[in-house]
Amino acid sequence: MTALYYERYGWHTAAEYRGLVESYGFDVMAWSGYPVMRDVRELLMVVWLADKSRSDESVSAELVKRVLALKTDSSRRDWQPL
């Protein structure tokens, strides 16, 4: 999760991510399976948000933004942590 939050969303700084890698002893982003794991996790985040969007307009707007980013493979840097 930390790698995804750092790489795609900018929710962690480079220094924070380096600290994790140093503590953990392995950079998961160097693993060949990381892109698949990252994409699945990201999809799960959007599906979870879809469930929450029925009762909250701001969540619904965030969902629309995220689905568009997935469809167009555009930046996720404007996604808000919810």
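Counting begins at 1 with the first residue of the sequence. Computed over heavy atoms, backbone and side chain alike; hydrogens, waters and symmetry mates excluded.
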Return yes if some donor-acceptor pair links the side-chain N/O of Glu7 with the main-chain N/O of Tyr5 below 3.5 Å, else return no. no
Lys65 side chain to Asp78 main-chain N or O, any donor-acceptor pair under 3.5 Å? yes
Would you mind reporting whether [Y] and [X] have side-chain heavy atoms less than 4.5 Å apart?
X	Y	result
Thr13	Arg18	no
Trp79	Arg66	yes
Asp39	Arg8	yes
Arg38	Met29	no

Worked verdict on Leu4 versus Met45 for side chain to side chain contact (heavy atoms under 4.5 Å, CB included): CA-CA 11 Å; Leu4 173 65; Met45 289 171 66; 3.8 Å; yes
Derivation of the side chain to side chain contact (heavy atoms under 4.5 Å, CB included) call for Met1 and Trp11: CA-CA 11 Å; Met1 297 281 294; Trp11 296 348; over 6 Å; no
Joint cluster assignment, [X] & [Y], ILVMFWY side-chain distance < 4.5 Å:
X	Y	answer
Leu63	Leu44	no
Leu68	Leu43	no
Tyr34	Val36	no

Working for side chain to side chain contact (heavy atoms under 4.5 Å, CB included), residues Leu82 and Glu62: CA-CA 9 Å; Leu82 298 174; Glu62 181 69 19; 3.7 Å; yes
Could you walk me through whether Arg76 and Leu70 pass side chain to side chain contact (heavy atoms under 4.5 Å, CB included), step by step? CA-CA 9 Å; Arg76 280 84 157 144; Leu70 292 179; 3.3 Å; yes
